[in-house]
Participant: 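Let me give you the structure first, and then I'll get to my questions.
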2 protein chains.
Amino acid sequence: MIFSSELIKGTLKTIVLKQLESNKRMYGYEITQRVKELTKDRIQITEGALYPTLHALEADGLVTTETEFIGKRVRKYYSLSPKGKTKIEEKLSEMAEFMETMKFLLDINPTTA
Amino acid sequence: MIFSSELIKGTLKTIVLKQLESNKRMYGYEITQRVKELTKDRIQITEGALYPTLHALEADGLVTTETEFIGKRVRKYYSLSPKGKTKIEEKLSEMAEFMETMKFLLDINPTTA
DNA sequence: ATGGATACATAATAATCTTATGTATATTGC
DNA sequence: GCAATATACATAAGATTATTATGTATCCAT
């Protein structure tokens with residue numbers, strides 16, 4: 001089962017920042033594959049969503065970039081900036097609280113999952 | 001703390017349908033107040049988001065409506081249709097699975113919340 | 001050498017929300 | 001009584017964020 005896109009909306013930045021927190025240094029395509037693998041294909045980040053998001057994170061100073069050549073092919077690595085580290089911590093605690101709130105509001109008990 | 005709007009995105013229909021499942025018959029304003037109360041002001045549904053959503057649910061045949069007059073003021077009651085009952089069950093199980101997936105992906109443990 | 005995977009990027013479109021505005025009635029405090 | 005707030009509906013302009021489509025180019029396996 002692939003999650004309906006509307007559910008994933010609003011969580012993409014958090015997912016990307018979390019990956020960068022866990023793996024220090026990643027490139028775009030790698031992030032899509034890692035998330036796909038970790039979620040057993042249930043979350044598939046499209047390129048049209050990912051790249052604008054990465055550019056926005058960079059513009060906000062939350063990530064820094066380094067471009068490398070692998071053979072003749074360009075690869076753009078992203079890393080969390082100090083500002084990005086603070087941000088992901090905020091996002092995670094907000095997400096945790098949000099999930100608790102939703103669980104209560106929607107009456108979702110652990111056995112339902 | 002009020003949740004950032006992007007988090008709530010994509011969950012509004014589920015919240016509304018769940019309220020109608022729990023309370024059988026509600027009007028729009030009542031839904032906003034109930035949700036605000038249940039979430040201790042952390043989720044505040046705006047009217048600009050609510051009414052278009054309710055109209056969309058009606059257009060999709062997920063809810064039925066009855067208009068009543070309270071004094072001279074109109075009140076529009078919404079109820080779940082059979083199709084809506086099926087839908088909310090689907091949405092809730094999807095949401096439950098999504099939350100489990102996010103918990104794993106973001107490494108959120110219960111103690112963080 | 002052809003197809004699929006890797007790897008970047010952007011544009012047109014769609015969905016869904018915020019903010020602002022509009023209308024109108026009911027209630028509460030002074 | 002009247003002003004402010006709450007109740008109750010609705011829509012429109014604009015912002016955000018995603019999908020889908022398209023473009024370019026390299027690498028690898030058959």
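To find a chain, count down the sequence lines: A is the first, B the second, and so on, and within it residues start at 1.
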Participant: Round to a whole Å and report the spacing from CD of Glu58(A) to C1' of dC8(C).
Facilitator: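 Spelled out: CD on Glu58(A) to C1' on dC8(C) is 13 Å.
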Participant: Please report, rounded to the nearest Å, how far the P atom of dA15(C) is from the CG atom of Leu12(B).
Facilitator: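 That distance rounds to 16 Å.
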Participant: Nearest to the side chain of Glu47(A), heavy atoms from C-beta on, is which of dA18(D), dC9(D), dA7(C)?
Facilitator: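 The listed nucleotide nearest to Glu47(A)'s side chain is dA7(C).
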Participant: Between dT10(C), dT16(C), dA18(D), spot the one nearest the side chain of Lys13(B), thanks.
Facilitator: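 Given the options dT10(C), dT16(C), dA18(D), the side chain of Lys13(B) is closest to dT16(C).
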Participant: Look at Tyr27(A) and dA7(C) and indicate whether a side-chain polar atom (N or O) is within less than 4.0 Å of OP1 or OP2.
Facilitator: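 For dA7(C), OP1 or OP2 has a side-chain N or O of Tyr27(A) closer than 4.0 Å.
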Participant: Got Gln19(B) and Arg34(B) here, is their nearest side-chain heavy-atom distance under 4.5 Å?
Facilitator: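 Yes - at least one pair of side-chain heavy atoms lies under 4.5 Å apart.
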Participant: Taking OP1 and OP2 of dC17(C), is either one under 4.0 Å from a side-chain nitrogen or oxygen of Thr46(B)?
Facilitator: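 Negative; the distance criterion is not met.
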Participant: Given dC8(C), dT7(D), dT25(C), identify the nucleotide with an atom nearest to the side chain of Tyr29(B).
Facilitator: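 Nearest to the side chain of Tyr29(B) among the choices is dT7(D).
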Participant: With respect to the phosphate group of dT19(D), does any side-chain polar atom (N or O) of Lys9(A) fall under 4.0 Å of OP1 or OP2?
Facilitator: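 For dT19(D), neither OP1 nor OP2 has a side-chain N or O of Lys9(A) closer than 4.0 Å.
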Participant: dA18(D) P sits how many Å from Leu54(A) CG, rounded?
Facilitator: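 That distance rounds to 11 Å.
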Participant: Do side-chain atoms of Ser81(B) reach the backbone of Leu62(B) as a donor and acceptor pair under 3.5 angstrom?
Facilitator: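 Side chain of Ser81(B) to backbone of Leu62(B): a pair is present.
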Participant: From CD of Glu30(B) over to P of dA8(D), roughly how many Å is that when rounded to an integer?
Facilitator: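 Those two atoms, CD and P, are 8 Å apart.
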Participant: Gln33(B) side chain: which of dT7(D), dA8(D), dT25(C) is closest?
Facilitator: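 The nucleotide sitting nearest to the side chain is dT7(D).
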Participant: Grab the CD1-P distance between Ile15(A) and dT17(D) for me, whole Å please.
Facilitator: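 Nearest whole value for this atom pair: 14 Å.
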Participant: Would you say Arg73(A) places a side-chain N or O within less than 4.0 Å of OP1 or OP2 belonging to dA25(D)?
Facilitator: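 So the side-chain polar atoms of Arg73(A) never come under 4.0 Å of the phosphate oxygens OP1 or OP2 of dA25(D).
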Participant: Of all the choices, dT10(C), dA18(D), dT25(C), which nucleotide is nearest to the side chain of Tyr51(A) once you look at every atom?
Facilitator: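 Looking only at side-chain atoms, Tyr51(A) lies closest to dT10(C).
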Participant: Specify the residue among Gly48(B) and Ile70(A) whose closest nucleotide of DNA chain D lies further upstream toward the 5′ end.
Facilitator: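 That would be Gly48(B).
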Participant: Can you tell me how far P of dT16(C) sits from CD1 of Ile45(B), to the nearest Å?
Facilitator: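 Atom CD1 in Ile45(B) sits about 15 Å away from atom P in dT16(C).
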Participant: Side-chain contact test, heavy atoms from C-beta onward, threshold under 4.5 Å: evaluate it for Leu106(A) versus Lys103(A) and give yes or no.
Facilitator: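 The answer is no; the side chains never approach within 4.5 Å.
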Participant: Closer to the 5' end of DNA chain C via nearest nucleotide, is it Val74(A) or His55(A)?
Facilitator: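 The residue whose closest nucleotide sits nearer the 5' end is Val74(A).
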Participant: Can you check the Lys72(B) NZ to dC9(D) C1' distance for me, whole Å?
Facilitator: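 After rounding, the reported distance stands at 17 Å.
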Participant: Distance only, no hydrogens: is a donor on one side chain within 3.5 Å (strictly under) of an acceptor on the other, for Thr65(B) and Glu58(B)?
Facilitator: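 Note: Thr65(B) and Glu58(B) side chains meet the donor-acceptor criterion.
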Participant: Main chain of Ile8(B), side chain of Lys9(A): is a donor-acceptor contact present, judged purely on distance under 3.5 Å?
Facilitator: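 Such a contact is absent between Lys9(A) side chain and Ile8(B) backbone.
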Participant: Mind calculating the distance between CD (Gln44(B)) and P (dT19(C)) to the nearest angstrom?
Facilitator: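 In whole Å, dT19(C) P lies 11 Å from Gln44(B) CD.
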Participant: If you pin Ala49(A) and Leu50(B) to their nearest nucleotides in DNA chain C, which one's is more 5'?
Facilitator: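 The residue closer to the strand's 5' end, by nearest nucleotide, is Ala49(A).
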